[in-house]
Structure formats: C-alpha cells, structure tokens
Amino acid sequence: MPLLISADELARRLDDEHAGRAATRTVVLDVRWTLAEPDGAPAFRSGHIPGAVYVDLDRELADHAAPGQGRHPLPSEEAFTRAMRAWGLHDGDTVVVTDDAGNQSSARAWWLLRHAGVEDVRMLDGALAEWIGAGHPLETGDAAPAPGDATAHYGGMPVIAADGAAAFPERGVLLDARAAERYRGEVEPVDPKAGHIPGARSAPSAGNLDPGGRFLTAEALRERFASLGVVPGTPVATYCGSGVTAAHEVAALAIAGIDAALYPGSWSQWSNQPGRLVATGPDETAG
C-alpha cells in the first residue's frame with residue numbers, strides 16, 4: 001500500500017465519496033500536536049479538511065496510566081480500539097493522517113494504525129499546508145462522526161524495549177530522531193538528563209522533509225540513511241523524546257524501503273531509569 005497521498009488525490013477521493021462514486025471510505029484524521037502546544041483542538045476548530053476528525057495525541061494515542069513507560073506510552077489494544085471506533089473507523093477503510101507540522105505528529109497515528117492491523121494508512125504529503133496551498137477548502141467547528149466498529153490487533157510493527165535499545169547498536173543502527181542539540185546534550189527542555197543512548201546516531205526527523213514540509217524522495221531518503229550506516233540487511237531502530245517523532249523516522253525509513261523498529265519509551269523513559277548510561281557530544285559517525 002502507498003504510504004503517502006497528495007492533496008489533489010485526497011480531494012478527488014473525498015469528492016468521489018461525497019458523490020457516491022467511491023469504492024471504499026476515506027477517513028481523515030487530524031493529529032495536531034507539539035510539545036509546546038499539545039492541545040490541537042482549537043486549531044482544528046478554526047480550520048480543517050472537510051470531514052476530518054480531530055485526534056488528541058496525548059489522550060488517544062498514549063496511555064498515561066502506564067507508569068515508568070515514558071511520556072507517551074502506547075495505548076492498550078482495548079483503549080486504541082475505543083479510539084478507532086470513536087473516530088468512526090471501520091475495517092477496510094482507507095485512513096489518511098495529517099497535521100500542521102509535516103506529519104511529525106500525525107506519523108504517531110500512522111504507526112499505531114499500522115501496528116493495530118489497519119492495512120491502508122497514508123500520510124498527507126506536505127500535511128495541511130499542502131492542502132491549503134493547493135487551493136482546497138477548509139471547514140470549521142467540531143466533528144462528530146458516527147461510531148465505527150474497527151478493532152485493534154497489535155503486532156503489525158516491530159517494537160523494542162529499553163534493554164533492546166541498549167543492546168541495539170551492537171547489532172544494528174539505532175537512530176535518534178530528536179533535534180541534534182538535544183542528542184548532543186546541549187539542551188534538554190523536558191527530560192531529567194541531557195544526552196543520548198550510547199551508540200545511537202543522530203538523525204533529526206526534520207531532515208526527512210524538504211523545505212515545503214514534504215517527505216524527501218525515496219532515493220534521497222535512502223541516501224540520507226545510508227550516510228548514517230543504514231545499508232541493506234542492517235537492523236534499524238528509532239527513538240526520540242517520547243516515541244512521537246520516532247514514528248516519523250520509521251515512516252521515512254519505510255518510504256526508503258527499510259523496515260525499522262520503534263522504541264516507544266524513548267528518551268523520556270531511558271532518562272528516568274536509574275543506571276541507564278548517557279552519552280553526550282557529537283555523533284562520532286557523522287560526516
């Protein structure tokens with residue numbers, strides 16, 4: 001299945017569905033979230049793709065009842081099933097995720113839906129800015145979809161835990177998707193320790209995008225990851241601050257034709273566990 005969809009193709013799909021010409025439903029999920037502005041609901045209400053449903057990343061794409069698992073622990077199958085049904089999802093739907101940040105937050109929904117067994121999940125390439133730039137309309141207000149009946153069945157995507165992340169550089173490439181200054185330990189805005197997992201390589205998720213917020217081509221992404229030591233046959237895993245932008249890294253790797261595991265607890269779990277080693281300074285493999 002394709003990982004990306006263009007604004008024009010999405011508009012055609014929605015028009016066909018409205019006119020009764022579509023063979024399958026297309027559900028648009030709007031996952032606006034940032035560390036600085038976690039509540040994207042006001043922005044959603046002010047303007048979103050017609051028919052889109054707002055997804056609360058903190059509440060619906062994470063389970064804060066799981067202690068010690070980091071800032072955004074994965075929701076249980078049961079909790080994610082409830083969320084999917086609240087968004088109106090049915091088995092067989094095509095799901096398109098978007099945000100206003102080059103899919104760096106909506107990739108979390110893409111990853112979870114793939115992990116839950118949804119076959120056709122795509123990211124709107126260029127995200128909301130691309131939709132607006134292409135001249136497509138927005139609507140305002142809240143969304144109240146009819147309940148769906150989809151069920152989450154986890155296991156569709158590879159996952160590693162903290163011990164797996166610690167050992168991963170010995171057998172493959174562990175990529176850190178945070179900003180380079182956080183990787184180097186120069187700043188740390190939210191977690192108790194600054195630095196990175198020893199042996200990890202710096203690969204900020206922003207580097208997966210072109211200046212317009214679209215994903216780089218598959219060839220360009222392959223070149224990027226090859227420069228970080230990711231070659232055919234090399235195991236790859238990713239982490240970030242709390243497992244959000246690491247999903248964007250998994251998506252970029254998938255576009256390049258590379259399967260990668262996610263460490264959901266990421267730095268927010270690692271930096272809170274006693275005895276975990278912390279490295280600082282530049283990536284010795286860079287350049």
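Below, each value reflects all heavy atoms present in this structure, side chains not excepted, and no hydrogens, waters or symmetry copies.
Between Trp87 and Phe80, the ring center distance clears the sub-6.0 Å criterion.
Distance alone, capped at 3.5 Å, places no donor-acceptor pair between the Asp56 side chain and the Glu60 backbone. Using a distance-only test at 3.5 Å, with no hydrogens or angles considered, a donor-acceptor pair links the side chain of Arg201 to the main chain of Leu228. Not one N or O on the side chain of Asp30 forms a donor-acceptor pair closer than 3.5 Å with the backbone of Ala52.
Nearest approach of Leu216 to Leu221, heavy atoms of both residues: O-CD1, 3.5 Å. Scanning both residues, Thr26 and Glu17, for their nearest heavy atoms gives N-OE1, 2.9 Å.
The pair Arg13-Glu9 meets the salt-bridge criterion, since a charged nitrogen lies less than 4.0 angstrom from a carboxylate oxygen. Ion pairing between Asp93 and Arg25 holds under the 4.0 Å rule for side-chain N and carboxylate O. Taking the charged nitrogens against the carboxylate oxygens, Asp120 and Arg122 do have a contact shorter than 4.0 Å, which makes a salt bridge. Salt bridge status for Arg182 with Asp176: absent, with no side-chain N to carboxylate O gap under 4.0 Å.
Residue pairs meeting the ring-ring contact (aromatic ring centres under 6.0 Å, His included) criterion with at least one member in residues 6-25: none, sequence neighbours excluded. For residues 232-241, the set of pairs meeting the salt bridge (charged side-chain N to carboxylate O under 4.0 Å, His left out) definition, not counting sequence neighbours, is empty.
Side-chain atoms of Thr151 and Arg85 include a donor-acceptor pair closer than 3.5 Å.
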Side-chain donor-acceptor pairs under 3.5 Å in residues 152-173, sequence neighbours left out?
residue, atom, partner, partner atom, Å
Tyr154, OH, Pro75, O, 2.8
Asp163, OD1, Arg276, NH1, 3.1
Asp163, OD1, Arg276, NH2, 2.7

Check residues 248-259 and write down every donor-acceptor pair under 3.5 Å in which the side-chain atom is one partner and the other belongs to a residue at least two apart or another chain.
residue, atom, partner, partner atom, Å
His248, ND1, Asn208, ND2, 3.3
His248, NE2, Gly102, O, 3.1
Glu249, OE1, Asn208, ND2, 2.9

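For Gln69, the side-chain hydrogen bond (donor to acceptor under 3.5 Å, both in side chains) criterion is met by no residue, not counting sequence neighbours. Residues that satisfy the side chain to side chain contact (heavy atoms under 4.5 Å, CB included) test with Glu78, not counting sequence neighbours, are Ser76, Arg82.
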